[in-house]
Amino acid sequence: RLESEARSKSLASFFFMSVAMVRGFPSSIALLLLIGSSTASTPPPQACEKDGNIDECPAASAVAATAETDDFGQGLSLLMTAGSAARVRDRGAAEGLATTAEAGNATAECNEYKFQGLCYRTCTDMGEMEPRNSISNCGGVEDWSFVQRCGEDGAPISGSGMAPGLNGRPMGACFGDSAATEVSSEAPNLCTQDRTKGAPSAKIGHTKFYCSDGKTQPVATTLEDGTATCGCSLGITPRFKWMPEPAGVLKMPAQQMCNTGCNHAQAWLMFNGIAFCCPGNEKPTVSKQLLGPDYTVHCSCPE
């Protein structure tokens, strides 16, 4: 039992410190958090139930040992499956790993929306910024390669749009689903510079950040390597008391900070149902970190 208890506490400590460091805390601060987590209590022993012809309950020590072993196994399973769970959450992740904006919005089929009465492939589908301003302009960038539509087989076709309802399209509609071009109502709570009246804020340099839900207190810090980190609670209760509450974490270079929401931007990049934008309507670079219970995205703007 002593060995099982030690393993359980060791796992809890390792998990807590790992999450702290993934969120961007220096190792020294993560260590302090680790020491604070060492007082976490272990789950109570399970009640014994008699079953069938069994007249005696297991000894109390055996029940306690079983509970410790189960806790260890569940915690280990959580560590091993954290990456897989994050992959399942990501809509359209290419082979389960969204490492670029285009991969993060990739879909099994080609997606169109209506523009000037015709169906064109969405700018988001091509990994470009929204909105489509002309048949050859995505997010303010002019390029004739953006003139694309979708074929019945899901392959993109260059050169022109197509009228809704034709060539296999539903009556009066276009191919696919344009939902990925819009902010999702299920998008995680993430830091934004778009102010909500009365919302709590945190500063990175001279820039204020708020949480997208307009209620949560953001937690912001800048590391020695110049990485700015801002986190907002996801409102999910941890499975175990010793686990930190999952957060939506935005990481970015302090000198090239991105914004999310982008309510006042003229161009934005959609990634997993979230709008990202940069000063001057430049195209941001966005990727997702698949580790731990947090929803962590890296975003940077051109220098």
Side-chain angles (χ1 to χ4, degrees), residues 19-20 22-25 33 85-86 88-92 98 101 104-105 124 129-131 139 178-223 227-239 243-290 292-301:
V19 171
V22 166
R23 288 184 181 177
F25 289 107
L33 293 173
V88 172
R89 288 200 307 262
D90 292 340
R91 174 181 178 179
N105 293 299
T124 296
M129 293 192 294
E130 297 290 347
S178 62
T181 67
E182 304 170 357
V183 174
S184 172
S185 60
E186 298 180 359
N189 195 19
L190 211 60
C191 288
T192 176
Q193 297 175 40
D194 294 351
R195 180 178 179 271
T196 299
K197 187 176 181 180
S201 65
K203 276 189 174 183
I204 299 178
H206 298 291
T207 304
K208 281 188 176 183
F209 281 86
Y210 311 84
C211 289
S212 56
D213 66 357
K215 302 174 183 178
T216 308
Q217 173 64 57
V219 178
T221 185
T222 302
L223 306 182
T227 300
T229 300
C230 187
C232 295
S233 170
L234 294 178
I236 301 173
T237 302
R239 186 172 183 181
M243 291 177 60
E245 186 174 338
V249 181
L250 176 63
K251 291 186 175 183
M252 52 201 161
Q255 303 302 319
Q256 302 160 257
M257 292 195 296
C258 297
N259 189 21
T260 65
C262 308
N263 292 333
H264 307 292
Q266 295 180 329
W268 54 90
L269 184 72
M270 293 302 303
F271 182 86
N272 293 160
I274 307 167
F276 293 86
C277 52
C278 292
N281 298 313
E282 296 284 345
K283 182 180 178 180
T285 300
V286 185
S287 63
K288 186 177 184 303
Q289 179 174 311
L290 299 176
D294 294 337
Y295 182 96
T296 303
V297 288
H298 295 255
C299 181
S300 63
C301 294

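Geometrically, Lys288 engages Tyr295 in a cation-pi contact, judged by NZ or CZ lying under 6.0 Å from the ring centre and within 45° of the ring axis.
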>> Applying disulfide bond (SG atoms under 2.5 Å apart) to Cys301 and Cys258, what does each step give before you reach the verdict?
In response: CA-CA 6 Å; Cys301 294; Cys258 297; 3.7 Å; no
> Lys251 and Thr296: side chain to side chain contact (heavy atoms under 4.5 Å, CB included), yes or no, with the steps?
Replying inline: CA-CA 7 Å; Lys251 291 186 175 183; Thr296 303; 4.2 Å; yes
> Step by step, would you call Cys299 with Leu250 a side chain to side chain contact (heavy atoms under 4.5 Å, CB included)?
Replying inline: CA-CA 7 Å; Cys299 181; Leu250 176 63; 4.1 Å; yes
>> Quick one, Cys232 with Cys191, criterion disulfide bond (SG atoms under 2.5 Å apart). Give me CA distance, side-chain angles, the key distance, then yes/no.
In response: CA-CA 6 Å; Cys232 295; Cys191 288; 3.5 Å; no
> Please walk me through it: do Glu130 and Thr124 pass side chain to side chain donor-acceptor pair (under 3.5 Å)?
Replying inline: CA-CA 7 Å; Glu130 297 290 347; Thr124 296; 2.8 Å; yes
>> If you apply the rule side chain to side chain contact (heavy atoms under 4.5 Å, CB included), what do you find for Lys283 with Leu269, and how did you get there?
In response: CA-CA 7 Å; Lys283 182 180 178 180; Leu269 184 72; 4.2 Å; yes
> Hey, mind stepping through Phe276 and Asn259 against side chain to side chain contact (heavy atoms under 4.5 Å, CB included) and telling me if it holds?
Replying inline: CA-CA 6 Å; Phe276 293 86; Asn259 189 21; over 6 Å; no
>> Apply side chain to side chain donor-acceptor pair (under 3.5 Å) to residues Glu245 and Ser233 and explain how you reach the verdict.
In response: CA-CA 7 Å; Glu245 186 174 338; Ser233 170; 2.3 Å; yes
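Among pairs with a residue in residues 208-218, those fulfilling side chain to side chain donor-acceptor pair (under 3.5 Å) read Asn189-Ser212, Asn189-Asp213, Asn189-Thr216, Asp213-Thr216, at least two apart in sequence or across chains.
To the nearest 0.5 Å, atom SG of residue Cys211 and atom CG of residue Leu190 are 8.5 Å apart. Between the CD atom of Glu282 and the CE atom of Met129 there is a distance of 7.5 Å, given to the nearest 0.5 Å. We find the OG1-CZ distance between Thr229 and Phe209 to be 10.5 Å, quoted to the nearest 0.5 Å. For the atom pair SG of Cys277 and CE of Met270, the computed distance is 11.0 Å after rounding to the nearest 0.5 Å. Interatomic distance, CE of Met252 versus OG of Ser300, reported as 11.0 Å (0.5 Å rounding). Once rounded to the nearest 0.5 Å, the distance linking CD1 of Ile274 with CD of Glu186 reads 12.0 Å.
Counting heavy atoms from C-beta on, the side chains of Thr227 and Thr222 never come closer than 4.5 Å. Between Trp268 and Pro131 the shortest side-chain heavy-atom distance falls below 4.5 Å. Here the side chains of Met257 and Thr207 are in contact, with some heavy-atom distance below 4.5 Å. Between Gln289 and Val297, the closest side-chain pair of non-hydrogen atoms is not below 4.5 Å.
Taking all atoms of both residues into account, the shortest heavy-atom contact from Pro218 to Cys230 is CB-SG, 4.0 Å. Closest approach of Ala202 to Ala220, counting heavy atoms only: CB-CB, 3.9 Å. Nearest heavy-atom pair, Gly198 versus Arg195, reported as atom, atom and distance to 0.1 Å: N-NH2, 4.2 Å.
Between the side chain of Asp294 and the backbone N or O of Gly248 there is no donor-acceptor pair closer than 3.5 Å. The closest donor-acceptor contact from the side chain of Thr192 to the backbone of Thr260 lies under 3.5 Å.
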